[in-house]
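Data first, discussion second: the structure below is written as structure tokens.
Letters A, B, ... mirror the listed sequences (proteins, then strands); counts begin at 1. Predicted model, so just to flag it, every value in this text is computed and none were measured.
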Amino acid sequence: MIKKVLVANRGEIAVRIIRSCREMDIRTVAVYSDADRRALHVLYADEAFHIGPSPSADSYLNIDNIIKAARLSGADAIHPGYGFLSENADFSQRCKKEGIIFIGPSPSAISMMGDKITARKTMLKAGVPVVPGTDDRITSDEQAVKVIKETGFPVMIKASAGGGGKGMRLVSREADIRSALRSARSEAKTAFGDDSVFIEKYIESPHHIEFQILADSHGNIVQLFERECSIQRRHQKIIEETPSPILNPEMRKKMGDDAITAARAVDYEGAGTVEFIVDRDRNYYFLEMNTRLQVEHPITERVVGVDLVKEQINIANGKPLRLRQKELKQHGHAIEFRVYAEDPENNFMPAPGVVTHIDIPYGVGVRVDGSIYEGFEIPLYYDPLIAKLIVWGKDRKDALERSRRALKEFKIAGVRNNLLFLGGILRSEGFVKGEYTTHYIDENRDILMKNEKCEDHCEDIVIITAFMEYLQKVKKASPKEMTAIKNNWKDYSRVRSVLKL
Amino acid sequence: MIKKVLVANRGEIAVRIIRSCREMDIRTVAVYSDADRRALHVLYADEAFHIGPSPSADSYLNIDNIIKAARLSGADAIHPGYGFLSENADFSQRCKKEGIIFIGPSPSAISMMGDKITARKTMLKAGVPVVPGTDDRITSDEQAVKVIKETGFPVMIKASAGGGGKGMRLVSREADIRSALRSARSEAKTAFGDDSVFIEKYIESPHHIEFQILADSHGNIVQLFERECSIQRRHQKIIEETPSPILNPEMRKKMGDDAITAARAVDYEGAGTVEFIVDRDRNYYFLEMNTRLQVEHPITERVVGVDLVKEQINIANGKPLRLRQKELKQHGHAIEFRVYAEDPENNFMPAPGVVTHIDIPYGVGVRVDGSIYEGFEIPLYYDPLIAKLIVWGKDRKDALERSRRALKEFKIAGVRNNLLFLGGILRSEGFVKGEYTTHYIDENRDILMKNEKCEDHCEDIVIITAFMEYLQKVKKASPKEMTAIKNNWKDYSRVRSVLKL
Amino acid sequence: MSYEVKLNDRLARVEVINQDGNQLLVSVDGKEYELDFVQIGKGSYSILHKNRSYNVELIPVNGIKRYQAHTLQNSFDVEIIDAESKYIASRKREHDAADEAVISSPIPGRVVSIMVSEGETVEAGQSLVIISAMKMESEFRAPRAGKVISVMVTEGQSVEARQELVLLEYS
Amino acid sequence: MSYEVKLNDRLARVEVINQDGNQLLVSVDGKEYELDFVQIGKGSYSILHKNRSYNVELIPVNGIKRYQAHTLQNSFDVEIIDAESKYIASRKREHDAADEAVISSPIPGRVVSIMVSEGETVEAGQSLVIISAMKMESEFRAPRAGKVISVMVTEGQSVEARQELVLLEYS
């Protein structure tokens with residue numbers, strides 16, 4: 001039995017994993033970079049090991065240092081979370097070699113699903129539908145032009161090693177092929193160290209629907225139903241919900257069965273997600289399999305009533321699944337909102353900085369997973385995801401109403417964030433009706449950016465309050481603070497001269 | 001349809017009710033006493049009306065002022081919460097007269113259940129088992145002595161208008177009858193303005209198990225299963241859970257049916273709770289019916305998947321119940337911990353004061369309902385309940401493990417509270433095994449009061465940390481603060497002379 | 001004494017007429033408000049106006065004159081305009097009207113790519129520099145057509161918040 | 001310079017040996033600790049000791065010498081003992097040994113009932129006064145046997161925190 005888990009990750013997912021470990025009475029080891037000494041996962045874990053400088057390549061992606069921390073701490077297992085090393089077959093292999101349990105699938109399952117071309121071929125063989133396109137990696141621009149013309153516009157160029165929307169380019173006309181190819185390759189090289197790509201027919205107005213699966217080491221596989229993930233911006237999910245507004249029981253059953261088939265085809269073990277793309281006519285195609293926990297796993301936890309991290313640990317312990325497919329049901333409706341430190345009004349520019357104040361929503365049907373606290377400085381080196389709001393309701397309408405209440409209670413000050421933008425999506429007609437595709441945000445940007453109307457005299461009240469606070473502070477200001485105020489003048493002079501050069 | 005609700009209450013329940021109203025797009029009106037201008041329900045509601053001085057008798061129990069606030073605000077309904085006027089038939093009647101919807105049962109249902117003797121008689125007639133005892137109110141000491149001797153020791157003297165453990169006295173020998181009677185009467189008079197009492201056989205080592213029911217105005221009644229409420233101190237519930245560790249499906253069905261029968265016997269409408277006492281041999285008896293929302297309603301909400309406040313409002317709107325008995329199921333296990341501002345180390349003395357710091361638990365399976373915030377001064381006039389922690393797990397074991405994690409994350413500073421005491425109960429053997437009666441706390445007090453052992457060097461680390469903080473503060477101390485420090489000396493001299501008189 | 005307060009794009013004139021304990025009489029753009037005004041915490045206020053309950057949280061932004069303000073429903077940027085602010089604003093107007101502009105990154109990050117060279121003429125909206133931060137790449141574009149006077153960073157270089165990237169001369 | 005620090009009932013001697021940035025060398029009762037010691041907020045600290053992670057929150061209690069301390073697992077009362085504290089402690093010992101005691105209520109409330117009168121002799125544990133606060137009645141009892149010298153409150157009266165209720169003379 002696993003007694004001590006090293007969490008090879010940071011942020012909300014590291015904290016979330018530690019919580020479940022603590023509930024199972026398993027000791028936890030955090031790892032951290034220079035930038036993360038004050039991060040919540042370091043404060044919350046039983047032990048903490050420094051593993052390198054701030055850039056991820058030197059710390060959270062540094063396999064040697066992480067293995068060293070595991071050995072020093074005596075951890076008998078490593079949980080990789082999502083991102084970073086979670087889908088790195090070499091890391092899984094290395095853990096095996098070191099006699100440390102990797103809480104995730106085997107290196108071969110990771111490799112087969114990690115290489116999108118191998119995955120396509122495996123799925124075709126297993127009888128799972130895939131998007132029309134090439135089954136070979138493209139090595140030359142000439143070959144690419146030829147294949148794309150054969151497939152017919154529009155097409156998607158995708159990184160073979162891809163994931164998370166990186167290294168993807170849409171091409172609609174011949175003139176753009178070469179530049180798209182170049183940029184997809186370059187992004188893939190940077191993100192995955194592998195610049196090979198392949199071509200797929202581009203599915204217009206698609207839905208992105210994924211199925212959660214759990215597979216134990218005894219050959220049992222169950223699917224825990226779908227997550228609708230079509231609310232995306234730049235291929236990054238923002239809001240996810242389950243059940244999907246567009247699935248009926250037959251389609252759910254069929255896709256779920258295919259998800260199990262997909263997992264079985266690679267002898268999968270652990271928690272995984274089979275992603276499908278669904279077109280206008282409700283045809284669905286295998287897109288990829290994420291061989292790890294997903295960011296959006298909590299909505300499945302809420303609706304199905306499982307703790308996926310605990311299931312992962314039980315599977316890693318060699319225990320058989322206690323869940324039976326026929327006993328699994330979806331209870332009510334859950335929606336997740338991803339809170340990012342980014343500025344929607346400034347082209348969603350990432351917004352690192354110090355969190356000065358947080359109001360968190362509570363009460364019936366509300367769960368919050370986060371990694372920030374008042375006074376915490378969000379570092380610039382990592383993903384801008386800082387919190388997740390998960391809301392449950394007995395049906396979709398109820399979940400939407402509760403989400404509106406909870407999002408309004410949620411305030412984060414000091415860093416720009418997308419809470420108001422999330423509120424805009426939540427109020428928008430298409431989302432309320434459940435009629436949206438992956439293009440929804442792009443097609444409705446202007447509507448989504450609108451702030452809610454101010455009730456009654458609230459503007460004037462805010463003006464008065466700020467003014468009273470200012471008067472009070474001026475009265476109280478010590479000589480030292482007055483100097484600080486004066487210094488602003490000096491600063492301004494300096495800035496001005498730069499502006500004027 | 002109800003458009004604006006006045007919440008005739010304060011504290012966590014007022015905030016909780018406002019949340020559901022907000023989700024239903026219903027405007028909310030708070031009422032507040034002098035002591036509560038800064039209370040969370042005032043800040044959180046859309047509108048707020050002052051209804052009188054701090055003592056409840058002058059404010060939260062002041063029917064005229066509350067009705068006046070309802071009229072001024074244009075509220076079309078009043079939600080009474082629990083406690084205060086929630087089981088006051090006159091108030092329900094008055095609302096009716098004023099044309100305001102009272103979100104609760106009819107005056108007659110409140111009266112019949114509110115008077116314990118009438119309730120006993122009604123239940124007997126309906127075929128619901130009641131505890132052996134008198135069916136008449138006792139008016140003289142002589143009569144009491146006679147009846148008690150007939151019933152046989154031990155017996156319980158209970159206030160006819162009683163509830164919440166007030167006006168109850170256990171009598172085990174003849175010598176104590178008169179003094180017990182006197183104090184029960186005096187407490188009943190103070191609490192309910194009615195000093196009539198009755199006698200019941202005292203059930204030894206009992207369980208206290210209650211059933212949640214919902215009844216609409218169309219004659220539909222469903223029961224939402226039980227809550228085990230045997231963890232009590234001085235007849236006040238502290239921890240509740242559902243399902244009960246001692247019920248089997250047959251007993252659950254039988255008691256649930258009786259709960260529905262009880263409600264039907266008084267033409268009940270709204271949410272209500274039928275309380276049973278269960279003896280050693282699993283015989284159960286009707287104890288009383290609470291004609292309102294219970295403090296512990298969230299564990300039912302979690303396990304059954306309903307929002308009881310929304311159901312109450314729908315019923316008040318005259319809508320038929322959408323819940324069908326045969327579709328209702330218990331999913332997993334939920335436990336509620338009541339956080340009180342009281343000092344377990346000092347005989348559970350109430351502890352009003354200023355909350356200086358709060359750490360609230362988050363993550364999977366955790367809900368918190370509260371009414372405090374950093375800087376809030378808990379007033380001395382009202383109930384010491386300041387927060388509720390509701391934890392869900394897929395089974396009892398899972399819920400216990402999660403509760404341990406969540407309780408450890410929960411910290412409230414500035415006011416003494418029972419969080420460590422709750423942790424003590426949670427870790428205790430009888431509670432873990434689910435083997436406890438209403439005497440559990442009294443019988444295990446010494447064990448429950450023990451703090452958890454300090455891990456590794458944590459004591460020394462705490463000593464060092466406090467010392468470093470002190471050194472830093474001494475260094476930074478301004479002349480003004482040094483004066484404050486000096487003044488402590490003066491204070492001390494003053495106190496000393498008082499001590500010496 | 002009256003002040004100007006800026007809320008998002010609105011400029012309002014505020015004057016405290018009378019204050020007696022929690023009771024506050026104040027005017028905004030000539031409209032009078034009688035308020036029950038209570039501070040409930042650092043930067044946190046509860047205001048009752050004709051029994052309507054407002055809860056306002058103010059988070060200071062650099063000093064005491066600028067705030068992010070939150071109500072339950074909305075968020076605002078608020079600024080108290082005093083003599084100093086007015087001076088700065090007038091300078092800013094001068095600057096906006098100028099024929100030169102420094103493009104700078106509001107956030108720290110790493111320069112991924114520089115897409116123009118000194119002396120090059122650029123169109124409005126043309127990409128100048130790409131900065132990477134928090135796994136995201138941000139493009140900085142020319143606000144108006146003009147000419148690149150100076151490129152002040154190199155590819156691969158780390159930049160601080162507000163560091164200058166490119167100097168443009170508008171045409 | 002070494003100080004005494006009281007944690008619950010334990011008295012420990014603490015000395016800072018060296019401090020270099022986050023690196024702290026300190027001894028407690030002669031045992032040396034090398035710590036990575038970081039303040040993460042007001043009264044909130046993260047301490048790494050041999051890679052064990054401790055998170056300590058300190059909430060001041062009246063001034064700068066007494067704290068409520070929370071770790072994830074435990075809560076403590078901590079007090080820094082300086083010259084002033086020592087003086088107070090010695091006075092308290094004197095007082096505890098005295099033959100008189102004032103019974104006072106630690107909380108504000110209302111006097112529900114007075115169960116003794118002046119001149120009455122009382123046993124140890126005998127009820128003296130009942131105070132009601134937050135819907136709860138609390139009984140105040142005689143710590144030791146003795147005689148009631150003075151009853152300083154009346155039934156129905158409201159009392160402040162720490163107000164004196166009864167003066168006893170121990171026998």
Options Arg302(A), Lys388(A), Met24(A), ranked by heavy-atom pairs under 4.5 Å with chain B, top entry: Arg302(A)
If you tally heavy-atom pairs under 4.5 Å between each of Arg404(A), Lys408(A), Glu12(A), His331(A) and chain B, the highest tally belongs to His331(A)
Going by heavy atoms in the side chains, are Val15(A) and Tyr362(B) under 4.5 Å from each other? no
Run the numbers on Asp307(A) and Arg402(B) for salt bridge (Lys or Arg N to Asp or Glu O under 4.0 Å), then give the verdict. CA-CA 11 Å; Asp307(A) 181 324; Arg402(B) 184 161 294 148; 2.9 Å; yes
Under a 4.5 Å heavy-atom cutoff, which of Ile360(A), Val309(A), Asp369(A), Leu400(A) has the most pairs with chain B? Ile360(A)
Are any of the side-chain heavy atoms of Arg405(A) and Arg19(B) separated by less than 4.5 Å? yes
Contact origin within Val366(A) toward chain B - heavy atom pairs under 4.5 Å: backbone
At what distance, to the nearest 0.5 angstrom, does CZ of Arg22(B) lie from CD of Glu401(A)? 13.5 Å
Tyr44(A) portion near chain B, given a 4.5 angstrom heavy-atom threshold: side chain
NZ/NE/NH1/NH2 to OD/OE distance under 4.0 Å, Lys310(A) and Asp398(B): yes
Side chain to side chain, Arg367(B) and Val364(A), heavy atoms closer than 4.5 Å: yes
Contact class of Ile390(A) relative to chain B, heavy atoms under 4.5 angstrom: neither
Relative to chain B, which segment of Glu409(A) carries a heavy atom at a distance below 4.5 Å: side chain, backbone, both, or neither? side chain
